[in-house]
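Just below is one structure, and these are the notes that go with it.
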Amino acid sequence: MAKKEKATEENLVIVESPAKAKTIEKFLGQNFLVKSSFGHIRDLAKKDFGIDINNNYAPQYVISEDKKQVVSELRSLAQEAKTVWLASDEDREGEAIAWHLSEVLNLSSEKTRRIVFHEITKEAILRAIESPRNIDQNLVNAQQARRVLDRLVGFELSPVLWKKVKPSLSAGRVQSVAVRLLVEREREIFDFKPDSSFRVSAVFSLFDDKGSQKEFKAELNHRFQTVGEARAFLEQCANASFKVHSVIKKPSTKSPAAPFTTSTLQQEAARKLGFSVGQTMSIAQRLYEAGKITYMRTDSVNLAKSAVNTIVDAIKSEMGEKYVKVRQFKTKSKGAQEAHEAIRPTYPNVATIEGTAAEKKLYDLIYKRTMASQMSDAIIEKTTVAVEIAGQKYQFVATGEVVKFDGFLKVYIESSDKEEDEESADFLPPVKENDPLDLKTLEARQRFSHKPPRYSEASLVRKLEELGIGRPSTYAPTISTIQQRGYVVKEDRPGEERHYQYLWIEDGKVHQEARKEIANAERNKLFPTDIAMVVNDFLVNYFPNIVSYDFTARVEQEFDEIAMGKVEWQKAIDNFYKPFHRQVEETLEKSTRETGERFLGNDPKTGKPIIVRIGRFGPMAQLGSSDDEEKPRYAPLTRDQHIETITFEEALKLFELPRELGTFEDKKVVVGVGRFGPYVRHDGKFVSLKKGVDDPLTIDLDRAIELIKEKREKDNKKTIKTFEEDKDLQILNGRWGPYISYKKKNYKIPKDQEAAALSYEDCLRLIEEGDKSKKSKSKKKSTSKRTSKKD
DNA sequence: CAGTGAGCGAGCTTCCGCTTGACTT
């Protein structure tokens with residue numbers, strides 16, 4: 001770097017985040033240089049656990065590869081400074097970062113001050129500088145215990161899985177519980193038996209004072225179990241008379257939700273904007289770096305006083321005094337450490353920002369949620385109208401909601417995961433007791449109970465937070481880890497067609513018909529794989545203590561004791577590790593290999609057994625035994641089949657593949673399941689079946705030809721140009737635009753050149769240049785900066 | 001790069017929590 005820092009600064013302040021450093025430097029002025037450590041600078045060594053088990057669990061810390069440069073820079077700056085202020089976050093991890101810094105930078109206690117603040121405001125920073133303290137070694141030790149325990153659990157448990165289930169699998173305090181939640185929910189769904197009942201609804205009409213006709217909808221306060229009962233009831237109603245039995249008005253209020261934490265932001269952004277938790281975090285990161293919002297990894301719902309003042313002013317001037325209500329929220333989540341503020345606009349008087357569409361949307365969400373949190377309750381009047389049917393004990397009920405005062409609803413309405421099955425309450429015409437009513441329509445519809453909902457990314461995060469498992473900085477990474485390990489797939493599943501009975505009254509008579517609906521369609525949900533189920537069962541069986549839902553909560557209590565100085569951290573670890581290690585050794589000895597094997601029955605043709613199990617490449621069905629003379633036949637399960645639930649008949653069908661569908665252009669069309677899933681093969685070429693649309697067992701020739709043609713068209717578009725001179729050389733259309741493909745290597749085309757216009761010579765030149773730059777890149781580690789064009 | 005699935009043994013995999021970039025075939 002060309003710009004040399006002034007060596008004369010008296011004070012060096014170190015924070016965790018570079019964006020924070022920039023802001024704070026402005027507050028502190030001339031005499032302070034503010035730098036960042038970019039989070040932790042050291043971690044346990046990878047080899048031999050990084051822990052000396054026989055030497056009282058002495059941790060072996062090494063400076064992380066990507067932090068060496070940061071550390072050397074900080075080291076020289078610290079040497080020159082008179083005072084070093086360690087201003088990492090005020091939580092366990094932050095305290096540890098401060099301690100690692102003091103160790104690595106060799107800071108004497110005279111020269112070092114530890115300071116903390118929960119909000120990035122000038123007042124808070126200056127106050128912090130006024131009241132420095134020493135590093136809290138007990139808190140540091142609690143962090144070391146946390147780190148060592150996680151390493152011990154992760155690095156002892158994972159190898160057990162490699163031996164007993166499959167290589168490269170992983171287990172850990174957090175991820176294994178996340179997987180367990182998914183597996184157990186999936187089994188609840190397997191076991192779920194829907195029941196159904198008949199819901200009766202009616203539309204009534206009446207004339208108001210002015211003689212105009214008004215209508216409203218009402219639902220019967222009873223559900224019938226059988227179609228016969230529903231039918232009988234409708235028949236009785238066909239010629240009955242109706243009147244208003246009672247009108248009850250009840251006032252109620254609604255209060256705004258707390259400002260955003262990481263977890264609630266992820267949930268709302270998923271529900272309202274359709275973002276994945278990863279997307280939400282990276283967009284929020286950009287907003288944070290641009291100085292538009294406060295820190296986005298937080299478990300706190302607190303707002304800085306100064307921010308509340310700005311918010312109150314903004315509400316007053318835009319909506320009026322009566323919309324203001326200052327509130328202080330309390331965190332509900334277990335184990336919250338509240339080192340930061342809630343997520344809010346840095347300048348709460350700024351309602352809109354510049355940026356990408358996604359950034360604007362997320363900012364808008366944060367802005368509105370923040371404002372709403374300091375606004376008055378909404379006042380609502382709920383009206384319930386009961387309708388009496390002459391000679392019947394049941395009543396129809398209609399509910400209406402009138403917002404008397406909107407309050408916070410003016411800016412923000414929190415959404416919920418609940419399926420909107422019920423008609424939302426709406427406006428009711430004015431009615432009074434004994435008003436006679438005309439029956440306009442009457443219908444009964446069969447409704448099925450819902451199975452337990454599958455987790456989405458965001459709802460899994462909410463559950464983990466509820467259990468106190470994981471931290472704001474790890475929610476998104478945990479979700480991608482369990483996907484990478486093959487425990488979870490995130491996908492859409494089409495629903496199944498289902499029939500329901502529908503009854504209605506027309507011309508004074510009851511009619512009935514069966515209608516169709518699509519039920520149980522899933523979008524963007526997390527599905528546990530068979531591997532997840534086998535691994536989970538193994539862990540629950542042999543390590544119930546570790547994968548128990550309250551394991552984290554229990555060890556957190558232990559860490560708290562350490563933080564208070566009541567327990568020595570090595571002692572706590574020893575108490576855990578001794579029995580745990582025995583448990584590991586015993587498991588290695590006595591457990592057998594787990595494949596989830598299930599016997600389904602004997603093949604009617606050959607009499608050989610059919611089993612399903614996890615093979616080297618995933619779940620599969622096997623026909624015949626491996627002890628036989630003849631080699632067994634194998635067939636992979638399809639995506640939506642599970643070892644646990646596949647039936648004998650379904651498994652038998654798998655062996656009908658590959659299946660010949662017929663011919664197209666005089667060549668055979670064959671459908672099968674291979675390494676990359678179901679495919680159609682024709683003329684030596686493969687086309688993948690569409691996920692969730694095509695089924696290899698039922699697909700017909702017409703559809704297969706359709707897929708083949710589609711693929712051809714795509715290939716045509718993919719190829720921009722080929723050359724007579726050399727068949728290996730092609731210009732193709734890729735994900736990032738056109739590129740040159742030559743002998744299995746790819747080369748860039750400069751942005752200012754028209755791909756289709758390139759000549760054979762042009763391409764050769766680009767290939768040569770590409771090869772050159774690759775060599776220089778691998779020699780030097782890209783220290784040369786790319787010169788950006790200016791115009 | 002497509003109807004994979006033996007068994008052996010090399011050498012590899014793996015945790016959680018704190019931070020941001022680099023740069024796509």
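Below, read A as the first sequence line, B as the second, and so on, with proteins coming before strands; counting in each chain starts at 1.
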Practice task
Please state whether the phosphate of B:dC15, meaning OP1 or OP2, lies under 4.0 angstrom from any side-chain nitrogen or oxygen of A:R146.
Solution key: no
Problem - Side chain of A:R681 (C-beta onward), nearest among B:dC15, B:dG3, B:dT19 - result: B:dG3
Exercise for the section: Give a yes/no on whether any side-chain N or O of A:S17 is located under 4.0 angstrom from OP1 or OP2 of B:dT20. Expected result: yes
Handout entry: Any A:S158 side-chain nitrogen or oxygen under 4.0 Å from OP1 or OP2 of B:dT13
Key = no
Problem - Atom-to-atom span, CG of A:L539 to P of B:dT14 - whole angstrom - result: 16 Å
Exercise for the section: Give A:G470 one of three labels, base, sugar-phosphate or nothing, depending on what nucleic acid heavy atoms sit under 4.0 Å from its own. Expected result: sugar-phosphate
Exercise for the section: Could you tell me whether the side chain of A:S170 has a donor or acceptor atom within less than 3.5 Å of a complementary atom in the base of B:dT14? Expected result: no
Practice task
Give one of base, sugar-phosphate or nothing for A:T478, where a contact means two heavy atoms less than 4.0 Å apart.
Solution key: nothing
Exercise for the section: Determine: side-chain N/O of A:R485 to OP1/OP2 of B:dC15, distance under 4.0 Å, yes or no. Expected result: yes
Practice task
Let me know the distance between CD of A:E156 and C1' of B:dC15, rounded to the nearest Å.
Solution key: 12 Å
Exercise for the section: Quick one: label A:G39 by what it contacts on the DNA or RNA (base, sugar-phosphate, nothing), any heavy atom closer than 4.0 Å. Expected result: base
Problem - Test: A:K668 and A:D683 ion pair at under 4.0 Å - result: no
Problem - Criterion side-chain hydrogen bond (donor to acceptor under 3.5 Å, both in side chains) on A:Q622 and A:R633, from CA distance to verdict - result: CA-CA 6 Å; A:Q622 178 181 333; A:R633 289 184 61 199; over 6 Å; no
Exercise for the section: May I ask you to verify if any side-chain N or O of A:R297 is less than 4.0 angstrom from the OP1 or OP2 atom of B:dT20? Expected result: yes
Exercise for the section: Rounded off to whole Å, could you give me the CD1-to-P distance for the A:I41 and B:dT19 pair? Expected result: 14 Å
Handout entry: Pairwise 5' ranking along DNA chain B for A:F655 and A:D66, keeping only the more 5' one
Key = A:F655
Exercise for the section: May I ask whether A:F155 stacks on the base of B:dC15, given the cut-offs of 5.5 Å between ring centres and 30° between planes? Expected result: no
Problem - Check ion pair A:D550-A:K334 (N to O, under 4.0 angstrom) - result: no
Handout entry: N-O pairing of A:E93 and A:R471 below 4.0 Å
Key = no
Exercise for the section: Take the angle between the ring planes of A:Y295 and A:H340 and call it parallel below 30°, perpendicular above 60°, tilted in between. Expected result: tilted
Exercise for the section: Give the nucleotide from the list B:dC18, B:dC16, B:dT14 with an atom nearest to the side chain of A:D150. Expected result: B:dC16
Handout entry: Spacing of A:Q285 atom CD relative to B:dG21 atom P, expressed in whole Å
Key = 8 Å
Exercise for the section: Check the geometry between A:F38 and B:dC18 and answer yes if their rings are stacked (centres below 5.5 Å, planes below 30°), otherwise no. Expected result: no
Problem - Residue-phosphate contact under 4.0 Å: A:Y295 side-chain N/O, B:dT19 OP1/OP2 - result: yes
Practice task
Output yes when at least one side-chain N/O atom of A:K631 is less than 4.0 Å from OP1 or OP2 of B:dG5, else no.
Solution key: yes
Problem - Upstream residue (5' side of DNA chain B) when A:L169 and A:R633 are each assigned their closest nucleotide - result: A:R633
Handout entry: Contact under 4.0 Å: A:R471 side-chain N or O vs B:dC18 OP1/OP2
Key = yes
Handout entry: A:D48 CG - B:dT13 C1' separation (whole Å)
Key = 16 Å
Practice task
Taking only the side-chain heavy atoms of A:Y634 (C-beta and beyond), determine which of B:dG21, B:dC15, B:dG5 contains the nearest atom.
Solution key: B:dG5
Exercise for the section: Would you tell me if any nitrogen or oxygen in the side chain of A:Q622 comes within less than 4.0 Å of OP1 or OP2 on B:dG5? Expected result: no
Problem - Sugar-phosphate only, base, or nothing, as touched by A:G50 at under 4.0 Å among non-hydrogen atoms - result: nothing
Practice task
State which of B:dG3, B:dT20, B:dC16 makes the closest approach to the side chain of A:R173.
Solution key: B:dC16
Practice task
Round to a whole Å and report the spacing from NZ of A:K67 to C1' of B:dC18.
Solution key: 7 Å
Practice task
Establish, yes or no, whether the cationic atom of A:R151 lies under 6.0 Å from the six-membered ring centre of A:F155 and within 45° of the ring axis.
Solution key: yes
Problem - Phosphate OP1/OP2 of B:dG17 contacted by A:Q143 side-chain N/O (<4.0 Å) - result: no
Practice task
To the nearest Å, give me how far apart CD1 (A:I283) and C1' (B:dG21) are.
Solution key: 17 Å
Handout entry: Aromatic plane relationship, A:H40 with A:H100 - under 30° parallel, 30 to 60° tilted, over 60° perpendicular
Key = perpendicular
Exercise for the section: Classify the nucleic acid contact of A:V673 as base, sugar-phosphate or nothing, counting any heavy atom under 4.0 Å across all strands shown. Expected result: sugar-phosphate
Exercise for the section: May I ask you to say what A:V174 touches in the nucleic acid, namely base, sugar-phosphate or nothing, with a heavy-atom cut-off under 4.0 Å? Expected result: sugar-phosphate
Handout entry: Sugar-phosphate only, base, or nothing, as touched by A:A171 at under 4.0 Å among non-hydrogen atoms
Key = sugar-phosphate
Problem - Nucleotide nearest A:P159 when distance is taken to its side chain, options B:dT20, B:dT19, B:dT14 - result: B:dT14
Exercise for the section: Describe, in one word, how the ring planes of A:F538 and A:F543 are oriented to each other, choosing from parallel (under 30°), tilted (30 to 60°) and perpendicular (over 60°). Expected result: tilted
Practice task
Would you classify A:P18 as touching base, sugar-phosphate or nothing, given that sugar-phosphate means primed atoms plus P, OP1 and OP2, and contacts are heavy atoms under 4.0 Å?
Solution key: sugar-phosphate
Problem - Residue-phosphate contact under 4.0 Å: A:R147 side-chain N/O, B:dC15 OP1/OP2 - result: no
Handout entry: d(NZ, A:K20; C1', B:dT20) in whole Å
Key = 15 Å
